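Heads up: the structure comes next, in structure tokens.
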Amino acid sequence: MNQDIERVLYTEQELAHTVRYLGQQISTDYRDKNLLLVSVLKGAVVFMTDLMRAITIPCVIDFMAVSSYSGTKSRGEVQILKDLGMSLEGYDVLIVEDILDSGRTLHYLMGVLAQRRPKSISICTLFDKPDARVEPVHADYVGMIVPNEFIVGYGLDYNEKYRNLPYIGILKPEIYGG
Ligand code: IMP
Ligand code: MG
């Protein structure tokens, strides 16, 4: 285990099981639709690549990047750093996110993407921290409800580190202190 990790919250096997289950649900619900998976860089990349392989119906993918708050309580605008490369018209868009926290990022994204006339727009998040919610965002697919603690691994970072851990862990307190 990584020496900065205090404990493992979800193992690689538990994550794989959850992602497979989400993939099955989405494959059933979207079987007669025109599925476009939109992933938010960078945190959702690991989840996205596993989820798309757990989906058994035809789908297309695209990526976008938005500015993050990185710990501040700012209420400023979310900014698009990298936009999608395709039109959403005619697609049933499913936003693939790593974690739904305050909801500010997804609240903003839903507003922006809804203006682009997709056939439908829904949210799939691997993790949901409902206790941290500031904006009223509801995810249609949720992998796991997590406590209001900072988690890393499986794409999620602390200061850009730990994204490559194959499990989800909680950092030792001294890592935040230093
Ligand atoms: P929101 O706009 O507050 O919902 O923030 C969502 C983003 O904050 C996520 O996409 C993550 O990048 C980041 N984030 C929120 N909670 C955590 C966490 O526990 N670990 C790592 N990143 C987090
Ligand atoms: Mg993110």
Side-chain angles (χ1 to χ4, degrees), residues 1-12 14-15 18-19 22 26 36-52 61-84 93-115 121-178:
M1 194 168 79
N2 185 293
Q3 59 182 11
D4 296 349
I5 300 296
E6 182 162 271
R7 67 187 172 93
V8 173
L9 194 58
Y10 300 114
T11 64
E12 206 170 338
E14 288 169 320
L15 292 169
T18 300
V19 173
L22 289 171
I26 292 164
L36 164 60
L37 301 174
V38 169
S39 176
V40 187
L41 297 171
K42 304 172 208 171
V45 160
V46 178
F47 175 43
M48 174 74 153
T49 55
D50 282 344
L51 180 68
M52 63 192 269
I61 65 166
D62 205 353
F63 294 89
M64 65 191 299
V66 296
S67 62
S68 77
Y69 294 84
S70 50
T72 77
K73 289 254 158 73
S74 156
R75 281 180 291 121
E77 291 284 299
V78 180
Q79 271 189 340
I80 296 180
L81 303 176
K82 181 221 171 290
D83 207 339
L84 296 172
V93 173
L94 184 61
I95 301 178
V96 176
E97 248 290 40
D98 48 2
I99 185 163
L100 180 50
D101 188 34
S102 73
R104 286 191 186 107
T105 309
L106 282 181
H107 181 75
Y108 169 80
L109 262 191
M110 287 292 276
V112 168
L113 299 185
Q115 285 174 7
I121 181 161
S122 302
I123 294 174
C124 173
T125 188
L126 180 55
F127 301 109
D128 188 2
K129 279 188 198 168
D131 293 344
R133 200 78 88 253
V134 173
E135 296 287 350
V137 177
H138 168 77
D140 304 271
Y141 302 90
V142 176
M144 286 147 171
I145 306 269
V146 291
N148 205 355
E149 274 185 282
F150 201 80
I151 58 177
V152 295
Y154 200 73
L156 292 160
D157 72 304
Y158 174 65
N159 285 344
E160 294 298 328
K161 286 170 73 181
Y162 313 109
R163 293 193 198 274
N164 60 320
L165 299 179
Y167 51 83
I168 288 288
I170 296 186
L171 285 175
K172 290 178 179 164
E174 60 258 37
I175 304 297
Y176 300 101

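In listed order, ligands and their atoms are each counted from 1. All values derive from a computational prediction rather than experimental measurement. For reference, positions follow the sequence shown, starting with 1.
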Discussion item. Less than 4.5 Å apart, side chain to side chain, heavy atoms only: is that true for Ile5 and Leu171?
Written reply: yes
Worksheet item: Taking atom CD of Gln79 as the centre, does the number of heavy atoms from other residues, nucleotides or ligands within less than 6.0 Å exceed 12?
Response: no
Fill in: Enumerated ligand 1 atoms positioned under 4.0 Å from heavy atoms of Asp157
21 (C)
Worksheet, complete the sentence: Restricting to heavy atoms, the pick from Ile99, Asn148, Leu41 nearest atom 9 (C) of ligand 1 would be Ile99
Worksheet item: side-chain hydrogen bond (donor to acceptor under 3.5 Å, both in side chains): which pairs involve residues 147-158, sequence neighbours left out?
Response: Asp50-Tyr154, Asp157-Arg163
Worksheet item: Which is it for Lys129 and ligand 1 at heavy atoms under 4.0 Å: side chain, backbone, both or neither?
Response: side chain
Item to complete: Test Tyr108 against Ile80 for side chain to side chain contact (heavy atoms under 4.5 Å, CB included), laying out the working first.
Response: CA-CA 10 Å; Tyr108 169 80; Ile80 296 180; 3.7 Å; yes
Discussion item. Within ligand 1, which atoms have a heavy atom of Glu97 less than 4.0 Å away?
Written reply: 10 (O)
Worksheet item: Hey, is ligand 1 close enough to Gly103 that some N/O pair sits below 3.5 Å?
Response: yes
Item to complete: Ignoring hydrogens, just give me the one of Phe150, Tyr162, Phe127 whose non-hydrogen atom is nearest atom 17 (C) of ligand 1.
Response: Phe150
Item to complete: Would you mind running through ligand 1 and noting each atom that sits below 4.0 Å from a heavy atom of Thr105?
Response: 1 (P), 2 (O), 5 (O), 6 (C)
Fill in: Main-chain N/O of Ile145 paired to Asp128 side chain as donor or acceptor, under 3.5 Å
no
Worksheet item: Which pair of non-hydrogen atoms, one from Gly103 and one from Glu135, has the smallest distance, and what is that distance?
Response: O-CB, 3.9 Å
Worksheet item: Does a side-chain N-to-carboxylate-O contact under 4.0 Å join Asp98 and Lys42?
Response: no
Discussion item. Distance under 4.0 Å to a non-hydrogen atom of Glu149: what atoms of ligand 1 satisfy this?
Written reply: 19 (O)
Discussion item. When you measure from the side chain of Lys129 to the backbone of Ile99, do you find a donor-acceptor pair of N or O atoms at a distance under 3.5 Å?
Written reply: no
Worksheet item: When you measure from atom 22 (N) of ligand 1 to each heavy atom in Val134, Val40, Leu156, which option holds the nearest one?
Response: Leu156
Worksheet item: Is ligand 1 less than 4.0 angstrom away from at least one heavy atom of Gly43?
Response: no
Item to complete: Please determine, by modelled atom types, if Tyr162 and Asn2 share a side-chain donor-acceptor pair under 3.5 angstrom.
Response: no
Worksheet item: If you measure from each non-hydrogen atom of Asp98 to ligand 1, which part falls under 4.0 Å: side chain, backbone, both or neither?
Response: side chain
Response to the item:
Note: ligand 1 atoms sitting under 4.0 Å from heavy atoms of Ser102 are 1 (P), 2 (O), 3 (O), 4 (O)
Fill in: ligand 1 contact on Ile151 by region, counting heavy-atom pairs under 4.0 Å
both
